[in-house]
Amino acid sequence: QVQLVESGGGSVQTGGSLRLSCVATGDTDTVYYMTWFRQAPEKEREGVASFRTDGRINYADSVQGRFTISKDSAKNTLYLQMDSLKPEDTAMYYCATRKVRVWSTSPPLAPTLYEYWGQGTQVTVSS
């Protein structure tokens with residue numbers, strides 16, 4: 001099993017920045033993808049950015065150019081640098097992992113493909 005703990009959320013104004021962290025513990029050698037998701041009230045959970053073990057990255061169109069995903073393998077920590085934040089970025093942000101490779105060019109952003117999840121960290125962007 002893999003345990004995930006997110007941190008770094010908070011409240012910022014439009015145009016501000018936040019950096020989220022997700023620390024993974026447990027059976028981390030089996031992880032193939034680490035991905036950030038978010039879920040706003042009354043909306044479905046959506047993929048934000050995904051990191052594959054070989055460094056391949058995929059972003060949702062809505063955050064491309066504003067968010068940057070990175071990973072420190074030595075610390076088993078995934079990061080999400082969020083810049084130029086907008087009110088529509090307000091959501092609970094989750095980190096998740098998947099063990100098995102998906103046969104697609106880009107890392108997947110579909111929540112149903114992920115096995116282990118953290119508890120989330122809240123991001124609120126005010127106008």
Side-chain angles (χ1 to χ4, degrees):
Q1 290 192 348
V2 177
Q3 295 79 41
L4 303 167
V5 178
E6 303 96 334
S7 62
S11 297
V12 296
Q13 293 187 330
T14 298
S17 297
L18 284 172
R19 188 193 194 203
L20 306 183
S21 299
C22 171
V23 178
T25 58
D27 199 12
T28 58
D29 288 345
T30 64
V31 171
Y32 201 81
Y33 302 97
M34 287 188 76
T35 300
W36 287 101
F37 293 86
R38 66 186 181 186
Q39 187 166 18
E42 301 182 357
K43 292 189 176 181
E44 293 187 355
R45 191 168 296 189
E46 63 173 352
V48 174
S50 182
F51 190 100
R52 199 166 70 187
T53 55
D54 63 358
R56 181 85 183 205
I57 288 171
N58 188 25
Y59 292 102
D61 290 344
S62 58
V63 306
Q64 181 77 47
R66 299 188 298 121
F67 290 10
T68 303
I69 190 172
S70 62
K71 184 182 177 187
D72 185 332
S73 296
K75 297 181 179 179
N76 285 321
T77 301
L78 185 73
Y79 301 100
L80 186 67
Q81 176 67 42
M82 304 187 297
D83 299 316
S84 302
L85 283 161
K86 306 175 181 179
E88 50 264 43
D89 295 318
T90 294
M92 185 71 79
Y93 283 71
Y94 299 91
C95 174
T97 63
R98 176 180 170 87
K99 295 186 292 186
V100 179
R101 179 170 179 170
V102 174
W103 291 106
S104 65
T105 302
S106 298
L109 294 175
T112 55
L113 294 177
Y114 287 80
E115 299 132 350
Y116 297 106
W117 294 81
Q119 294 299 307
T121 185
Q122 177 68 37
V123 172
T124 303
V125 185
S126 58
S127 56

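Values below: all heavy atoms of this structure, side chains included; hydrogens, waters and symmetry mates excluded.
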Min side-chain heavy-atom separation P108-Y114 under 4.5 Å | yes
Find the distance between CD (Q13) and OG (S126) and round it off to the nearest 0.5 Å.
-> 5.0 Å
Remaining members of W103's ILVMFWY cluster at a side-chain heavy-atom cut-off under 4.5 Å?
-> none
Interatomic distance, T35 atom OG1 to N58 atom CG [nearest 0.5 angstrom] = 8.5 Å
Considering non-hydrogen atoms only, spot the tightest contact between Y94 and Q119 and give its length.
-> CE2-O, 3.4 Å
When you look at CD of E44, are more than 12 heavy atoms from neighbouring residues, nucleotides or ligands closer to it than 6.0 Å?
-> no
Residue set satisfying side-chain contact (heavy atoms from CB on, under 4.5 Å) with E115, at least two apart, ordered chain then number -> R98, K99
Evaluation steps, salt bridge (charged side-chain N to carboxylate O under 4.0 Å, His left out), between R56 and D54 = CA-CA 6 Å; R56 181 85 183 205; D54 63 358; over 6 Å; no
side-chain contact (heavy atoms from CB on, under 4.5 Å) assessment of V102 paired with Y33 | CA-CA 9 Å; V102 174; Y33 302 97; 3.8 Å; yes
Sequence neighbours left out, what passes side-chain contact (heavy atoms from CB on, under 4.5 Å) with S127? Give chain and number order.
-> T14, P87
Closest heavy-atom contact between R52 and P107?
-> CB-CG, 3.9 Å
What's the shortest heavy-atom distance between F37 and A96, and which atoms?
-> CE1-CB, 3.8 Å
When rounded to the nearest 0.5 angstrom, what distance separates CE in M92 from CZ in R38?
-> 14.0 Å
Supply the atom-to-atom distance C95 SG to Y79 OH, rounded to the nearest 0.5 angstrom.
-> 12.0 Å
To the nearest 0.5 Å, tell me how far S17 OG sits from R19 CZ.
-> 12.0 Å
Cluster membership besides V2, Ile/Leu/Val/Met/Phe/Trp/Tyr side chains within less than 4.5 angstrom, sorted by chain and number, is L4, V12, L18, L20, V31, M34, W36, V48, F51, I57, Y59, V63, F67, I69, L78, L80, M82, L85, Y93, Y116, V123, V125
Other than V100, which residues form its hydrophobic cluster under the rule that side-chain heavy atoms must be closer than 4.5 Å?
-> none
Who are the side-chain contact (heavy atoms from CB on, under 4.5 Å) partners of S7, not counting sequence neighbours?
-> S21
For the atom pair CG (N76) and CD (Q3), what is the distance rounded to the nearest 0.5 Å?
-> 11.5 Å
